[in-house]
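Everything quoted here is computed from the prediction, not taken from an experiment. Counting from 1, the numbers follow the sequence of the chain as shown.
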Amino acid sequence: MILPIVAYGAQILRKVAQEIPSDHPDLNTLIDDMWETMYASNGVGLAAPQINKNIRIFVMDSSQIFDGLEEDELGKYPDEPGIKKIFINAHITELNGEEWSYNEGCLSIPKIREDILRPEEVVIEYYDEAFVQHTEIFNGITARIIQHEYDHIEGKLFIDYLKPLKKKLLQRKLNDINKGKIKVDYKMVFPK
Ligand code: NI
């Protein structure tokens, strides 16, 4: 089932999400719905707070980025051809490497894209859908998306990294999103 995506301004996007037990009710349905919702809105990642659930789950699929790259951009990123993965009860334990800039967007903040600096490598502990624990290292676009989605379960948004002046310039657009004064081609719920 495709679920509506919570828009910027909603309190749930600012909460630190809670871990879930392995017997979380209807977990498989929730996971299926998250994949369906992410693909239906052409997202490369989706975190549970964005579908109004205050729990530590996110899904991501960096292969979609690589599928969309021009031929001259191939070979540029170390994580080609990308991965598709779900992260449950995740905790980032290390961020390593040089910060690099990439133009990010967010399904909860439609039609705003900004260049954001993030470290190139992430070490993350998480459980998969069978509740098997993993510790893995990711880099490239995959690490970028993981950090963005991980921020969602920590109550953070990519616009938090913008300089105050830049954020000020965006304020009117952000207010419009908050009030639902925006046209989006996927289902959203607005706080006001
Ligand atoms: Ni996002």
Side-chain angles (χ1 to χ4, degrees), residues 1-6 12-13 16-17 19-20 24 27-69 73 76-97 100-110 112-114 116-161 186:
M1 185 170 60
I2 296 171
L3 303 169
I5 290 172
V6 171
I12 192 146
L13 296 179
V16 176
E19 292 195 354
I20 57 161
H24 184 82
L27 181 61
N28 290 330
T29 308
L30 174 66
I31 291 169
D32 288 347
D33 289 349
M34 286 184 72
W35 285 122
E36 197 180 345
T37 302
M38 184 190 85
Y39 288 119
S41 49
N42 290 313
V44 294
L46 180 75
Q50 295 181 279
I51 50 151
N52 208 28
K53 300 225 179 286
N54 187 30
I55 54 177
R56 298 183 81 83
I57 304 183
F58 61 88
V59 294
M60 56 80 58
D61 181 357
S62 52
S63 70
Q64 294 187 102
I65 301 268
F66 290 102
D67 290 345
L69 286 185
E73 292 175 304
K76 194 173 153 192
Y77 299 102
D79 57 316
E80 195 180 320
I83 58 156
K84 171 184 168 170
K85 217 179 247 300
I86 176 159
F87 294 80
I88 299 173
N89 294 346
H91 288 279
I92 288 180
T93 56
E94 281 179 55
L95 290 167
N96 300 313
W100 63 290
S101 180
Y102 186 79
N103 198 248
E104 293 189 24
C106 180
L107 292 174
S108 294
I109 314 173
I112 293 180
R113 297 196 70 91
E114 294 291 339
I116 304 294
L117 284 169
R118 295 189 192 268
E120 66 185 14
E121 183 185 274
V122 58
V123 184
I124 189 165
E125 296 175 358
Y126 67 97
Y127 291 81
D128 62 24
E129 60 266 60
F131 259 81
V132 177
Q133 194 178 17
H134 303 266
T135 302
E136 275 187 274
I137 301 172
F138 298 98
N139 54 23
I141 305 261
T142 301
R144 162 77 47 174
I145 300 170
I146 287 171
Q147 289 176 68
H148 176 115
E149 299 311 324
Y150 183 81
D151 274 353
H152 277 300
I153 62 168
E154 291 287 307
K156 291 185 211 153
L157 299 169
F158 80 96
I159 52 170
D160 299 349
Y161 296 99
Y186 48 89

Undergrad: In Å, rounded to the nearest 0.5 Å, how long is the span from CZ of F66 to CD of E80?
TA: 5.5 Å
Undergrad: In Å, rounded to the nearest 0.5 Å, how long is the span from CD of E104 to CZ of R113?
TA: 8.5 Å
Undergrad: At what distance, to the nearest 0.5 angstrom, does CD1 of I86 lie from CE of M34?
TA: 6.5 Å
Undergrad: For E120, is there any backbone N or O sitting under 3.5 Å from a side-chain donor or acceptor partner on N139?
TA: no
Undergrad: Test of understanding: with ring-ring contact (aromatic ring centres under 6.0 Å, His included), list the residues that count as partners of Y186, not counting sequence neighbours.
TA: none
Undergrad: Under 3.5 Å, is there a donor-acceptor pair between the side chain of E129 and the main chain of N28?
TA: no
Undergrad: Mind listing the closest non-hydrogen atom pair of V122 and A143 along with its distance?
TA: CG1-CB, 3.7 Å
Undergrad: Taking only residues two or more places apart in sequence, or in another chain, which ones meet Y127 in a ring-ring contact (aromatic ring centres under 6.0 Å, His included)?
TA: F131
Undergrad: How would you list, by chain and number, every residue that makes a ring-ring contact (aromatic ring centres under 6.0 Å, His included) with H148, sequence neighbours excluded?
TA: H152, F158
Undergrad: Is the shortest side-chain heavy-atom distance between L27 and I57 below 4.5 Å?
TA: yes
Undergrad: To the nearest 0.5 Å, tell me how far L107 CG sits from M38 CE.
TA: 9.0 Å
Undergrad: List the residues meeting ring-ring contact (aromatic ring centres under 6.0 Å, His included) with H134, not counting sequence neighbours, and say none if there are none.
TA: Y126
Undergrad: From D128 CG over to K85 NZ, what is the distance, rounded to the nearest 0.5 angstrom?
TA: 7.5 Å
Undergrad: Mind listing the closest non-hydrogen atom pair of V6 and I51 along with its distance?
TA: CG2-C, 4.3 Å
Undergrad: Work out which heavy atom in I55 is nearest to a heavy atom in H24; give both atom names and the distance.
TA: CD1-NE2, 3.9 Å
Undergrad: Taking the side chain as every heavy atom from C-beta outward, state whether Y161 and E114 have any pair of such atoms under 4.5 Å apart.
TA: no
Undergrad: Under 30°, 30 to 60°, or over 60°: which ring-plane class applies to F58 and F87, parallel, tilted or perpendicular?
TA: parallel
Undergrad: D151 versus L157: any side-chain heavy-atom pair under 4.5 Å?
TA: no
Undergrad: Using a strict 4.0 Å threshold on nitrogen-to-oxygen distance, state whether R56 and E154 make a salt bridge.
TA: yes
Undergrad: Indicate yes or no for a side-chain donor-acceptor contact from S62 to the backbone of I83 under 3.5 Å, with no hydrogens or angles considered.
TA: yes
Undergrad: Verify, without hydrogens or angle tests, whether N96 (side chain) and P119 (backbone) share a donor-acceptor contact under 3.5 angstrom.
TA: no
Undergrad: One thing to verify: whether D33 and K53 come together as a salt bridge, which I'm taking to mean a side-chain N less than 4.0 angstrom from a carboxylate O.
TA: no
Undergrad: Taking side-chain hydrogen bond (donor to acceptor under 3.5 Å, both in side chains) as the definition, give me every residue that meets it alongside S108, ordered by chain and number, with sequence neighbours left out.
TA: Q50
Undergrad: How close do I153 and A90 get, heavy atom to heavy atom, and via which atoms?
TA: CD1-O, 4.1 Å
Undergrad: Rounded to the nearest 0.5 Å, what's the gap from CG on L46 to CG on D61? Could you check?
TA: 12.0 Å
Undergrad: I want to check something: taking the side chain as every heavy atom from C-beta on, are M60 and T142 in contact at a cut-off of under 4.5 Å?
TA: yes
Undergrad: Return the set of residues passing side-chain hydrogen bond (donor to acceptor under 3.5 Å, both in side chains) with E19 (not counting sequence neighbours), or none when no residue passes.
TA: H91
Undergrad: On a heavy-atom basis, which atom in E73 and which in K76 lie closest, and how many Å separate them?
TA: O-CB, 3.1 Å
Undergrad: Between Y102 (side chain only) and R144 (backbone N and O only), is there a donor and an acceptor less than 3.5 Å apart?
TA: no
